[in-house]
Amino acid sequence: MKKLVISVYRYNPDVDNAPYMKDYALEVEDGQDMMVLDLLLKLKEQDPTLAFRRSCREGVCGSDGLNMNGKNGLACITPMSALKGNKIVIRPLPGLPVIRDLIVDMTQFYQQYEKIKPYLINDDKTPPARERLQSPEERAKLDGLYECILCACCSTSCPSFWWNPEKFIGPAGLLQAYRFLIDSRDTATEERLGDLDDAFSVFRCHGIMNCVSVCPKGLNPTKAIGHIKSMLLSRAI
Amino acid sequence: MVKVATTFGRSGTTDYVLLRASAIILALYAIFMVSFLVSAETVNYAVWTNLFAGLGMKIFTMLALTSVLIHGWIGIWQVLTDYIKRSGLRAFIQFVVCVMLIVCWFAGLLVVWPVEGV
Ligand code: SF4
Ligand code: SF4
Ligand code: FES
């Protein structure tokens with residue numbers, strides 16, 4: 001048996017004056033591996049007051065974005081063995097207000113998402129009888145964009161989002177902004193670009209690429225943001 | 001979506017372009033200066049004065065100083081809006097920096113423009 005020390009961020013605003021780190025001890029079989037979410041579930045058996053979000057436990061719902069040993073990721077698909085160092089340190093996603101323990105208030109994140117109008121806009125007066133068709137090539141442009149599960153791992157690892165969460169859209173929102181900008185069925189490209197053409201919404205991205213290094217779905221927001229910048233530039237010329 | 005009046009350009013895109021264009025001019029000026037200093041056999045008062053006597057050099061220098069003004073203005077505004085959250089303090093620092101940049105530009109003009117060769 002191996003003894004593990006897991007340090008978890010705790011904060012219950014009803015009881016605690018300030019957040020603190022609580023150490024838990026857990027025994028695991030030698031060579032046994034498990035996902036960080038399973039670890040948290042074991043800790044919750046020890047201490048039922050520990051609060052965190054989870055749902056699908058297979059990397060699909062995006063509920064359990066956490067900061068594990070300094071790096072954001074989904075607890076349910078991050079194996080314990082992937083965490084470097086002897087100690088495991090688990091904190092909530094950085095930058096967002098903490099509601100309790102590992103649960104953050106995602107309002108700012110969703111507000112930025114809402115701003116980019118995450119739905120198809122089409123002002124075609126005579127819609128086709130059945131559906132709007134796309135060629136396989138047009139459809140292929142959405143690959144690497146539509147897969148986002150809005151887990152917020154990227155935006156909460158982005159310094160530009162930490163400093164201006166109410167003005168900078170953030171990598172997750174911008175990835176979706178680009179998803180609708182290049183959709184052949186969307187006719188609001190010009191309005192969308194006009195809405196993004198200020199000093200904060202897109203241009204606060206300085207290409208630090210933290211977003212790319214943490215995305216659990218392997219998506220590349222920086223690349224999408226680069227495309228948006230080029231679209232804004234060619235529109236200005 | 002976000003409308004702010006204190007940037008230099010009209011929009012995020014103009015700021016972005018101005019920032020990069022001024023960076024290119026500054027890089028060219030720096031490269032020119034370094035290669036001049038490296039290739040010149042001696043650098044004394046006469047060589048230095050003659051360099052700045054030409055109209056081309058005066059224009060290039062003023063262009064570089066204008067780039068410092070624009071690049072500094074936008075760059076400082078970006079850094080301040082990231083790190084200084086109290087708007088009064090931020091406006092004050094921005095004001096001081098912009099005054100310094102403008103003084104720098106005029107000082108450069110007054111120094112460089114009247115230079116005559118020896
Ligand atoms: S590349 Fe842009 S969006 Fe991604 S982390 Fe860096 S600044 Fe943020
Ligand atoms: S881009 Fe990746 S990290 Fe960001 S919200 Fe989407 S799935 Fe999560
Ligand atoms: S629990 Fe659904 S993504 Fe981890």
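By convention in this document, chain letters (A, B, ...) are assigned in the order of the sequence lines, proteins followed by strands, and residues within each chain are numbered from 1. A quick note: this is a predicted structure, and the numbers were derived from the prediction, not measured.
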Taking atom OH of A/Y20 as the centre, does the number of heavy atoms from other residues, nucleotides or ligands within less than 6.0 Å exceed 12? yes

So for atom CZ, which belongs to B/F36, do other residues, nucleotides or ligands contribute more than 12 heavy atoms lying within a distance under 6.0 Å? yes

Flag if over 12 foreign heavy atoms under 6.0 Å of CZ, A/R91: no

Any donor-acceptor N/O pair, B/D82 side chain to A/S160 backbone, under 3.5 Å: no

Within a 6.0 Å radius of atom NZ on B/K58, are there more than 12 heavy atoms belonging to other residues, nucleotides or ligands? yes

Tell me if the aromatic rings of A/W162 and B/Y83 count as close, with their centers under 6.0 Å from one another. no

Does A/R53 have more than 12 heavy atoms from other residues, nucleotides or ligands lying within 6.0 Å of its CZ? yes

To the nearest 0.5 angstrom, please state how far the NZ atom of B/K85 sits from the CG atom of A/N164. 4.0 Å

Decide side-chain contact (heavy atoms from CB on, under 4.5 Å) for B/Y16 and A/V202; before the verdict, give the C-alpha distance in whole Å, the side-chain angles of both, and the deciding distance to 0.1 Å. CA-CA 11 Å; B/Y16 182 83; A/V202 177; over 6 Å; no

Give me the contact list for residues 214-236 of chain A versus chain B, heavy atoms only, anything under 4.5 Å, ordered by residue number. A/K229, A/L232, A/L233, A/A236

Does A/D143 have more than 12 heavy atoms from other residues, nucleotides or ligands lying within 6.0 Å of its CG? yes

Could you tell me the separation between the OG1 atom of B/T81 and the CH2 atom of A/W163, rounded to the nearest 0.5 Å? 12.5 Å

